[in-house]
Amino acid sequence: PKQREIDRISVLPGQPPVPFNQFSGYVTVNEQDGRALFYWLTEATTFPEKKPLVLWLNGGPGCSSVAYGASEEIGPFRINRTGQSLYRNKYSWNTEANILFLESPAGVGFSYTNTSSNLKDSGDKRTAQDALVFLLRWMSRFPEYKYREFYIAGESYAGHYVPQLAKRIVDYNKANSHPILNLKGFIVGNAVTDNYYDSIGTVTFWWTHSMISDQTYQSILKHCNFSAEEASKHCDNAVSYAMNHEFGDIDQYSIYTPSCM
Amino acid sequence: CTENYAEKYYNRPDVQKALHANTTGIPYKWTACSDVLLKYWTDSENSILPTYKNLIEAGLRIWVFSGDTDSVVPVTATRFSLSHLNLKIKTRWYPWYSGRQVGGWTEVYDGLTFATVRGAGHEVPLFQPKRAFILFRSFLAGKELPKS
């Protein structure tokens, strides 16, 4: 708990006054390799002691940093164009819950490892395990959140992270008589779910939204075996042709809005 | 271009100090994504559907949503994947509302709620913040999305 007060954020540069508490800092998740994850807690604007805790994870893999969820989606602040100041997000999710952002795994954002090989051997399993260790140790620093209603939220490749962490928590809780992680559920958006079905659904979307020609659509369906580990040369060529010669300069993440020049 | 704003802000020494971040002198700039991790990612499950089945049995509240203008992990991909869970429909497909506009569409299954968010890209709360907020509030409350 002493570390909790050290982690308290008094005010961020360029931040407007806010009616909620914020904390941020590191939790070591592996002493041997020296892996530590960076978190940022923005407590609820009213009655934080009564509101649930929600852990938010972005995707990538390698992009679960505070650039996305915290700074342009659900966090309380948006960053202005010059990077000099912050302004309030009218639809911040911390009016309904205490939002915990985590930069994960080590190597993303401010989260680091003292073993550089960790940057080249990360994967789903260790990411989920480190995240579980993070939560258990974080709860020691913030004991008021033990047994609190707890949810996990995320998007994109967090379609892996979120259910995999939820599974580890469920298994951990089964093995402990008085589990402190009171996980109630999770919510994921535009979530990577199943390589085979996602791929078919994606190519179908490209065709039904007139991003690719019939010819390319047929070529992808003909040459791509979506259940194979590796894509064939013909498949790669068909998909590359679509992206490089048929999509045009769109923002693939939002196909009807202007792309960033 | 909002990602660029973050790259500016979080690399400022005064911001890192205020956040108690980068206390060990990380030997590279803060970036929104780590290209190294992405490039060398090792184990990645082919399918999360078995985990969904497991967690539905564990009784967790599970919501899956899709911004319907994203072409990277599009709504059709998610629907195609979820359809292979073969879940029983509890509340048939209906439009949900935000203000007097259709915020998207939703269907409630035994163990899982699926919802689209109309006009939102990959980062749903970035493109449709109000609709995303209503979605989140309904999820937390464990209530179906508003029918009007």
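Chain identifiers are assigned alphabetically (A, B, ...) following the order of the sequence lines, protein sequences preceding nucleic acid strands; residue numbering begins at 1 within each chain.
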Report task. For the residue pair Y5(B) and R78(A), confirm or rule out a side-chain donor-acceptor distance under 3.5 Å. Result -> no
Query raised in the report: Relative to the ring of W30(B), is the ring of F110(A) parallel (under 30°), tilted (30 to 60°) or perpendicular (over 60°)?
Result: tilted
Report summary line: In terms of heavy-atom pairs under 4.5 Å with chain A, the winner among R79(B), K17(B), K8(B), H20(B) is H20(B)
Query raised in the report: Top residue by heavy-atom pair count (under 4.5 Å) with chain A, among L49(B), L37(B), L38(B)?
Result: L37(B)
Query raised in the report: Measuring heavy-atom distances to chain B, does L183(A) have an atom under 4.5 Å in its side chain, in its backbone, in both, or in neither?
Result: both
Query raised in the report: Side chain, backbone, both or neither: which part of T82(A) has a heavy atom under 4.5 Å from chain B?
Result: backbone
Query raised in the report: Quick one: what part of N54(B) sits under 4.5 Å from any heavy atom of chain A, side chain, backbone, both or neither?
Result: side chain
Query raised in the report: Using the ring of each side chain (for Trp, its six-membered ring), is F133(B) parallel, tilted or perpendicular to Y91(A), with breaks at 30° and 60°?
Result: tilted
Requested in this report: Identify which of P27(B), A141(B), A132(B), G142(B) forms the greatest number of heavy-atom pairs closer than 4.5 Å to chain A.
Outcome: A132(B)
Query raised in the report: When you measure from the side chain of Y26(A) to the backbone N and O of N22(B), does any donor-acceptor pair fall under 3.5 Å?
Result: yes
Query raised in the report: Y10(B) versus chain A, heavy atoms under 4.5 Å apart: side chain, backbone, both or neither?
Result: both
Query raised in the report: Which answer fits T95(A), side chain, backbone, both or neither, if we ask what part of it has an atom under 4.5 Å from a heavy atom of chain B?
Result: side chain
Query - Donor-acceptor pair between S156(A) and H122(B) side chains, under 3.5 angstrom - result: yes
**Report entry** R12(B) side chain vs G83(A) backbone, donor-acceptor pair below 3.5 Å
**Finding:** yes
Report task. For residues Y112(A) and T24(B), determine if any side-chain heavy atom of one lies less than 4.5 Å from a side-chain heavy atom of the other. Result -> yes
Query raised in the report: Is a side-chain donor-acceptor pair under 3.5 Å present for Y9(B) with S71(A)?
Result: no
Report task. Identify which of D68(B), V117(B), L55(B) forms the greatest number of heavy-atom pairs closer than 4.5 Å to chain A. Result -> L55(B)
Query raised in the report: Between S81(B) and D194(A), is any side-chain donor less than 3.5 angstrom from a side-chain acceptor?
Result: no
Query raised in the report: Does a donor on one side chain sit under 3.5 Å from an acceptor on the other, for Q252(A) and S71(B)?
Result: no
Requested in this report: Name the member of K39(B), E7(B), R137(B) that forms the most heavy-atom pairs with chain A at distances under 4.5 Å.
Outcome: R137(B)
Requested in this report: Determine whether the side chains of T78(B) and Y197(A) contain a donor N or O and an acceptor N or O closer than 3.5 Å.
Outcome: no
Query raised in the report: What's the shortest heavy-atom distance between N190(A) and D70(B), and which atoms?
Result: ND2-OD2, 3.2 Å
Query - chain B interface, residue from F247(A), Y196(A), Y256(A), F38(A) that has the most non-hydrogen pairs under 4.5 Å - result: F38(A)
